[in-house]
Q: 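One structure, as structure tokens, below. Some questions next.
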Number of protein chains: 2
Amino acid sequence: MKEEAMEKFKKFLKTRGLKFTRERKIILDQVFSVHDHFDVEDLLYMFRKRKKQVSRASIYRTLSLLVESGLVGKVDFGEGRAYYEHVFGHVHHDHLVCKECGQVVQFEDQVIEKRQQDICKEHGFRLDYHTLNIFGICPECQKNGENN
Amino acid sequence: MKEEAMEKFKKFLKTRGLKFTRERKIILDQVFSVHDHFDVEDLLYMFRKRKKQVSRASIYRTLSLLVESGLVGKVDFGEGRAYYEHVFGHVHHDHLVCKECGQVVQFEDQVIEKRQQDICKEHGFRLDYHTLNIFGICPECQKNGENN
DNA sequence: TTCTATGCAAAAGCTTTGCAAATCA
DNA sequence: TGATTTGCAAAGCTTTTGCATAGAA
């Protein structure tokens, strides 16, 4: 699947007259190896640990391209910084976020997906994508008291 | 309704040993007069136009309190800056955002609300709130060609 | 070879914060 | 009067950008 993603990305770059560089390969590799959300600092840290040299600037620039290509999604949890996750090869999902411990649970729900299409139709919008984050308290944190 | 909100805010402040100041009143007043989203610069601009003197710092600080009190909601459209909207006295709603012109349409949908409760129950989460933003192209922008 | 990409450091936005002076209860 | 607030400016964060050098095709 990583290979498929790589091919797609190469094609995407070609259509724009851009190059498939060492750095872009490293980044795509990592992005499709992590099965969770990550931010730019996370990636930077992973690269440092693995002695892969990629600058913060290149990470930002490549992630933008990956998002534009549709292979990667940008997720905003309202923390003032962006998270990313690979999207290619996955069905769309939404997030259940624990406000206490930060745990994120992914879920998919066809009923909600369908309703969104209907709502767009009603308003004449052409649906592109959506972000649904549900915030709450996870079971563990509920037990651990601070039922704040 | 603005008066009710004001009372609620006063109570909220009192429980925390905080004061209901001139600035906080001006801000709450404005926030409950605007029936749309706004960001901090918007507020600042409105105050300047009305010759109300409130600093940017106080706006940030008071908005945080308003959000904590539950009277105001913070909305994130992934633009790298926060939007706000008053919430007290309104039923919850979600957003349909046009990627082309930025137009925001509010909608409420009981089916989606209900499904979210179910999903939380399934995962043992205590639901707190959610944010659902659907991005797409509005009817006008679809007509105006760039069906990008 | 030519055009694009990388890295670095500086710049840019938005938001937060330390501190002295002002204000509320 | 005593504690909280305000405004200002500085600082903090994340993200973007200009430019010289390095690297794809």
Side-chain angles (χ1 to χ4, degrees), chain A residues 6-7 9-31 37-48 51-69 72-84 102, chain B residues 6-7 9-31 37-48 51-69 72-84 102:
Chain A
M6 190 101 58
E7 285 316 309
F9 193 40
K10 280 183 186 170
K11 262 185 208 163
F12 170 81
L13 291 173
K14 191 162 283 176
T15 65
R16 297 220 183 173
L18 304 179
K19 296 167 180 171
F20 186 69
T21 63
R22 194 191 77 92
E23 286 76 6
R24 287 178 181 163
K25 181 179 183 333
I26 293 176
I27 293 169
L28 187 145
D29 247 8
Q30 190 66 33
V31 166
H37 310 91
F38 56 85
D39 64 15
V40 171
E41 292 310 308
D42 291 335
L43 271 190
L44 209 51
Y45 177 73
M46 296 172 201
F47 291 143
R48 288 207 176 122
K51 311 283 187 220
K52 302 277 189 185
Q53 169 54 38
V54 184
S55 72
R56 186 179 276 106
S58 289
I59 294 178
Y60 275 105
R61 287 189 274 230
T62 298
L63 283 175
S64 293
L65 290 171
L66 285 168
V67 170
E68 283 183 65
S69 77
V72 167
K74 193 172 178 177
V75 196
D76 200 321
F77 293 130
E79 292 183 26
R81 110 176 127 273
Y83 284 85
Y84 298 85
Chain B
M6 189 102 59
E7 286 316 309
F9 193 40
K10 281 183 186 171
K11 262 185 209 164
F12 170 82
L13 292 173
K14 190 162 285 176
T15 64
R16 297 220 183 173
L18 304 179
K19 295 168 179 172
F20 186 69
T21 64
R22 194 190 76 92
E23 287 76 6
R24 286 177 182 164
K25 181 178 183 334
I26 293 177
I27 293 168
L28 186 145
D29 247 8
Q30 191 65 33
V31 166
H37 310 93
F38 55 85
D39 64 16
V40 171
E41 292 310 307
D42 291 336
L43 271 189
L44 209 51
Y45 177 73
M46 297 172 200
F47 291 143
R48 288 207 175 120
K51 312 283 189 219
K52 303 276 190 185
Q53 168 55 37
V54 185
S55 72
R56 185 179 276 105
S58 290
I59 295 178
Y60 274 106
R61 286 190 274 229
T62 298
L63 283 175
S64 293
L65 289 171
L66 284 167
V67 170
E68 283 184 65
S69 76
V72 167
K74 194 172 180 177
V75 196
D76 201 320
F77 293 129
E79 293 183 25
R81 103 175 133 276
Y83 284 86
Y84 297 85

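To find a chain, count down the sequence lines: A is the first, B the second, and so on, and within it residues start at 1.
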Q: Can the ring centroids of A/Tyr83 and A/Phe77 be said to lie less than 6.0 angstrom from one another?
A: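 Between A/Tyr83 and A/Phe77, the centre distance is under 6.0 Å.
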Q: Give B/Gln53 one of three labels, base, sugar-phosphate or nothing, depending on what nucleic acid heavy atoms sit under 4.0 Å from its own.
A: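 Sugar-phosphate contact only.
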Q: Would you tabulate the nitrogen or oxygen pairs shorter than 3.5 Å linking the protein to nucleotides 9-11 of chain D?
A:
none

Q: It should be established whether B/Arg81 places a side-chain nitrogen or oxygen under 4.0 Å from OP1 or OP2 of nucleotide C/dT15.
A: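 No, because none of the side-chain N or O atoms of B/Arg81 sits under 4.0 Å from OP1 or OP2 of C/dT15.
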Q: What is the separation between atom CG on B/Leu66 and atom P on D/dT5, rounded to the nearest whole Å?
A: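 The answer, rounded to whole Å, is 13 Å.
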Q: Measure CD1/B/Ile59 against P/D/dT5 and give the value in whole Å, please.
A: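 One finds 17 Å between P of D/dT5 and CD1 of B/Ile59, rounded.
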Q: Separation of B/Phe77 atom CZ from C/dC14 atom C1', in whole Å?
A: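 Rounding to the nearest Å, CZ of B/Phe77 and C1' of C/dC14 are 17 Å apart.
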Q: Could you tell me how far apart B/Lys25 (NZ) and D/dT4 (C1') are, to the nearest whole angstrom?
A: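 Nearest whole value for this atom pair: 20 Å.
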Q: Please report the distance, rounded to the nearest Å, between CZ in B/Arg24 and C1' in C/dA22.
A: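 After rounding, the reported distance stands at 14 Å.
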Q: With a 4.0 Å cut-off on heavy atoms, is B/Glu79 in touch with a base, just the backbone sugar-phosphate, or nothing at all?
A: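 If one applies the 4.0 Å heavy-atom cut-off, B/Glu79 turns out to touch nothing in the nucleic acid.
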Q: A cation-pi test, strictly: NZ or CZ of B/Lys74 under 6.0 Å from the centre of the six-membered ring of B/Tyr84 and no more than 45 degrees from its axis. Yes or no?
A: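 Output no; distance or angle outside limits.
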Q: With respect to the phosphate group of C/dT15, does any side-chain polar atom (N or O) of B/Tyr60 fall under 4.0 Å of OP1 or OP2?
A: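 Answer yes for this pair, as a side-chain N or O of B/Tyr60 is under 4.0 Å from OP1 or OP2.
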Q: In whole Å, I'd like the distance from the CD1 atom of A/Ile26 to the C1' atom of C/dA5.
A: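 Spelled out: CD1 on A/Ile26 to C1' on C/dA5 is 13 Å.
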Q: Could you tell me the separation between the CE atom of A/Met46 and the CD1 atom of A/Ile59, rounded to the nearest 0.5 Å?
A: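 Atom-to-atom, A/Met46:CE and A/Ile59:CD1 are 9.5 Å apart.
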Q: Counting primed atoms plus P, OP1 and OP2 as sugar-phosphate and everything else as base, spell out the protein contacts along nucleotides 19-25 of chain D at 4.0 Å heavy-atom distance: B, S or - for each nucleotide, 5' to 3'.
A: ----BBS
Q: When the distance from CG of B/Leu65 to C1' of C/dT15 is rounded to whole Å, what number comes out?
A: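 To the nearest whole Å, that distance equals 15 Å.
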Q: Give, for atom CG of A/Leu66 and atom CG of A/Leu13, the distance between the pair rounded to the nearest 0.5 Å.
A: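 The CG atom of A/Leu13 is 8.0 Å from CG of A/Leu66, to the nearest 0.5 Å.
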Q: Can you tell me how far apart CG (B/Leu65) and CZ (B/Arg16) are? Round to the nearest 0.5 Å.
A: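 It comes to 7.0 Å.
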Q: Tell me: CD of B/Glu41 to C1' of C/dC14, nearest whole Å?
A: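 Rounded to whole Å, this separation is 8 Å.
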Q: Can you find a heavy atom in the side chain of A/Gln30 that is under 4.5 Å from one in the side chain of A/Lys25?
A: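 Of all side-chain heavy-atom pairs linking A/Lys25 with A/Gln30, none is under 4.5 Å.
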Q: If you round to the nearest 0.5 Å, how far is CG of A/Asp39 from CD of A/Glu79?
A: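 The distance works out to 8.5 Å.
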Q: Is it true that a side-chain atom of B/Ser58 and a backbone atom of B/Val54 form a donor plus acceptor pair closer than 3.5 Å?
A: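 No.
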Q: How far does CZ of B/Arg61 sit from CD1 of B/Ile27, to the nearest 0.5 angstrom?
A: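 Answer rounded to 0.5 Å: 10.0 Å.
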